[in-house]
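In listed order, ligands and their atoms are each counted from 1.
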Amino acid sequence: MNIMPIVATTQAAVLRDRSGAFVIEDVQLPELGPGDILVRIAAAGMCHSDLVVRDAGGEPVRPTIFGHEGSGIVEETGSAVTRVRPGDHVVLSYDWCGWCEACLRGRQSYCAEFLDRNSTGFGLPGARLATDGHGQEIGSRWFAQSSFAQHAIATERNAVVVEPGLPLELLGPLGCGLQTGAGAVLNVLRPRVDESIVIFGTGALGLAAIMAARASGAGMIVAVDIHPARRELALELGADAAYDGKDPDVAAILAGRHGGMHLAMDTTGRSAAVTIAIASLRVGGQLALFGAAPLDLHLAPIDLLGRSLRYIIEGEAVPQLFIPLLVRLWQQGRFPFDKLVRRYPFADINDAERDSLDGRTVKPVLVMP
Ligand SMILES: [Zn+2]
Ligand SMILES: [Zn+2]
């Protein structure tokens, strides 16, 4: 049974043009489906995926509300919701179906419906969508939340209930970017105390990986980035060494001085960095890849001697298990992600985007009025 939400209209940042600004508008919320929840958003982190639509080129973007690192308070629940209640504090993450083979095996980030449920903004066929002042439907199912808004409709599945005493405004980024970086280390690469790991690119994802590598006791953690300030931050957050990504000798240093790395992550999505990352691995090493841009790699099969490459989504994390773990590590001082966050009033969303692209801010968080 669908029900009308108790809040009929809300303010949301709508993107209508690939090269245009986010514009905050009044939008009409749709009915709540049986599994849906209405969340008053406290804050929403800005993740790189919220901005990639701008690079996609081609056809015009359909008007969409982005935002997929929301945190807030549940105001209302659909008729079939049993696990989340009004008043619960929640961190919103990605959505999955629950019934495909990947989901049944506890590998939700590889859900067969991942793309439709998360990264079109319009959800599965027949999804109920918000409408603008002209009655036109707008994408409001981005990662089943579209949380660049004062209210968002999420689902029971992609909401993680957290303790009410926690600083809700800070927690949104745990739902995607930080989960992705930390999950790649803690769930997939799992560095041992006698192993080394190099992280190319120290944005939010890379820095989360460095903190997680430190928390996991990795033997040697190396950061590579072209920005001196980011290298400083990487050292502060747990890297043992940091190198300039523009230095042509990086691969030789990693393969020579460090004897080749056991594990590597490329968070830059750049072909040149991936090539260096592969060259820096020792035999048997593993490289984790992220990002959606096509790579232009020129490899001989022997370059992959005993080595493996893997593309990882959402750190292979199950949000209901992983986000509480990150909160615990943060409380213990082992995952100080608050150092990456800079808060912006919601109205300054375009400044937040600019600062994120310039590299001035690692993780912008938009705080709702
Ligand atoms: Zn699934
Ligand atoms: Zn994201």
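With the Zn ion (ligand 1) at the apex, C103 SG and C111 SG define an angle of roughly 100° (rounded to 10 degrees). With the Zn ion (ligand 1) as the vertex, atom SG of C100 and atom SG of C97 span an angle of 110° (nearest 10 degrees).
For R343, the CZ atom is densely surrounded, since the number of other residues' heavy atoms within 6.0 Å is greater than 12. For R192, the CZ atom sits in a loose shell: 12 or fewer heavy atoms of surrounding residues, nucleotides or ligands are nearer than 6.0 Å.
The nearest N, O or S atom of H68 is closer to the Zn ion (ligand 2) than 2.8 Å.
Checking H89 against E163 by side-chain atom types alone, no donor-acceptor pair falls below 3.5 Å.
Classification of R141 and D95 as a salt-bridged pair fails, no side-chain N sitting under 4.0 Å from a carboxylate O.
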